[in-house]
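Heads up: the structure comes next, in structure tokens.
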Amino acid sequence: MKFIFVLIYMKFRRPKGTKDILPADIYKWHFVENTIGEVMQIYDYSEIRTPTFEFTELFIRGVGKETDIVGKEMYTFTDKSGESVTLRPEGTAPVMRAYLENSLYNEKSLHRLYYIANMFRYEKPQSGRYREHTQFGAEIIGSESIYTDVELILLARDIYQRCGIDNFKLKINSIGKAEDRKRYCAVLKEYLGKYVNDLSEDSKRRIEKNPMRILDSKDPGDIKITQECPKILDYISDESRNRFESLCAMLRENNIDHDIDFRLVRGLDYYTDTTFEFVSDLLGAQNAIGGGGRYDLLAEQLGGKTTPSVGFASGLERLISVAEKNGFKFSANKPPFIYLVALGDEAVNKAFLLMQDLRNSQISSTMDFNGKSMKSQLRHANKLNVNYVFIIGDEELSKERGILKNMNDSTQCEIEFAKLKDHLLSENKKSKSSSQGI
Ligand code: AMP
């Protein structure tokens, strides 16, 4: 019977490209999520939460038909009312949709927003590339000031550093305005046309519709061909070039090392001027920890008025992976303060009542319900690293007193059931500065 159960059970596996974050690892996620929240608060960014799915048209309009995301990677389905909906593949278009739909522009002219959300992309899974992953992202909506570009880069840098990551590289580029790109694409197409037979199949397909994407192809042949191709920085307007030069100067002023990378065109159509990416050598092929840029055209593309904006997003899986490779020690979640060890039905019942009373007073408490031996319960309490255990057997029941053992110094004493809570509260007050607390 057990064998059949195991067989049936084993049939259910998680879908390819997804992951379970187990209790043994969740503290890393909590640490990173809390760090993001703290830094966002310091920088005055407000959290925004948008739906997990949106109408498909939002991404077609907001991200662009020719992008890999829209062309190949979206989880799109028709719902029961015949509407085409898509699981969110990226955060910026939904945030901008929410900004416009809820007329946030009426509240103030500049919004600093952030999110932590799961993204869904039907990509070929590999190390660091999932079909469902989590991103945190920040957006400054409603300003074309160059300070917004710099602020976002500093914000990302601060979050990475608090997670023990300072060995990243920042790559930046400018892709100018739409008209600059039109001009540049024509020149690039002409150049690439000379090598069309040597390009990869993917790049051959892109040459007409999205030649700039060929610049970030990973194919060695494509890389060789594009090494000497015309560079976009030579084709952007004076205004965009001046802006880019000021950005580089401000980064230097703020001690942010950066490399100019002509290949950094980003996959999304709505970018204008600044693009940037944080990469780490510790990540292998999928080396981007985060990236972003300006998207002054997005609001208009979604039917709103022109709203200059800049944003970036970063994958939590990759951030945690780089932090671990750097040997960063995430602070662990607090263990329960006390473990109630009970032997026998009546003792279990008493322990359960006491435990709920402690929990009602915000004292984190736990116990076993599976009739384990005293030795095994004590072993478990030890493994959990609790501060105290409280032992109740038949003898203790009859005396209405249990044995309270301090797991830090191994001292123990008898405590009346009725006095346990007050005793723990006062012990905790005494040791608050040095111990793990309640
Ligand atoms: P993108 O919107 O593609 O620039 O993604 C922003 C960040 O999310 C990247 O820099 C990665 O850190 C992360 N990311 C993107 N796609 C994936 C994926 N499929 N799996 C894990 N992380 C991803």
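Start at 1 and go down the list; that is how both ligands and their atoms are numbered.
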| field | Among K405, K372, Q377, side-chain contact (heavy atoms from CB on, under 4.5 Å) partner for V341 | value | Q377
| message | Heavy-atom distances under 4.0 Å decide this one: backbone, side chain, both or neither, for E90 against ligand 1? | response | neither
| request: State whether the shortest distance between N or O atoms of R121 and N or O atoms of ligand 1 falls below 3.5 angstrom. | output: yes
| Contact check: Q135 vs ligand 1, nitrogen or oxygen atoms, below 3.5 angstrom | yes
| task | Report yes if the distance between the aromatic ring centroids of F77 and Y75 is under 6.0 Å, otherwise no. | result | no
| Aromatic rings F312 and F276: how do their planes relate, parallel, tilted or perpendicular, breaks at 30° and 60°? | tilted
| Would R131 count as a cation-pi partner of Y122, with NZ or CZ less than 6.0 Å from the six-membered ring centre and within 45° of the ring normal? | yes
| Does any N or O in the side chain of E54 come within less than 3.5 Å of the main-chain N or O of F59, such that one atom is a donor and the other an acceptor? | no
| query | Got an N/O contact under 3.5 Å between Y130 and ligand 1? | reply | yes
| task | For G315, counting its heavy atoms only, list the atoms of ligand 1 lying under 4.0 Å from any of them. | result | 7 (C), 8 (O), 11 (C), 12 (O), 13 (C)
| said: Go through it in stages, so that I can follow the logic: the residues are R243 and D149, the test is salt bridge (Lys or Arg N to Asp or Glu O under 4.0 Å), and I'd like the CA-CA distance, side-chain angles, deciding distance and then a yes or no. | reply: CA-CA 11 Å; R243 192 176 197 289; D149 304 34; 2.9 Å; yes
| request: May I ask you to check whether H380 and D368 show a side-chain donor-acceptor distance below 3.5 Å? | output: no
| When only distance counts, is S314 in polar contact with ligand 1, meaning an N/O pair under 3.5 Å? | no
| request: Heavy-atom distances under 4.0 Å are what count here, so tell me which part of I289 touches ligand 1: side chain, backbone, both or neither. | output: backbone
| request: Number the atoms of ligand 1 from 1 as they appear, then name those within less than 4.0 Å of a heavy atom of A288, with their elements. | output: 10 (O), 11 (C), 12 (O)
| note | For E123, the ligand 1 atoms with a heavy-atom partner under 4.0 Å come out as 16 (N), 18 (C), 19 (N)
| query | What about the rings of F278 and Y160, do their centers lie closer together than 6.0 Å? | reply | yes
| remark: One finds that the ligand 1 atoms under 4.0 Å from a non-hydrogen atom of G290 are 10 (O)
| said: I'd like the name of whichever of H133, Q286, R129 reaches closest to atom 14 (N) of ligand 1 through any heavy atom. | reply: H133
| Atoms in ligand 1 with a heavy atom of G128 nearer than 4.0 Å | 20 (N), 21 (C), 22 (N)
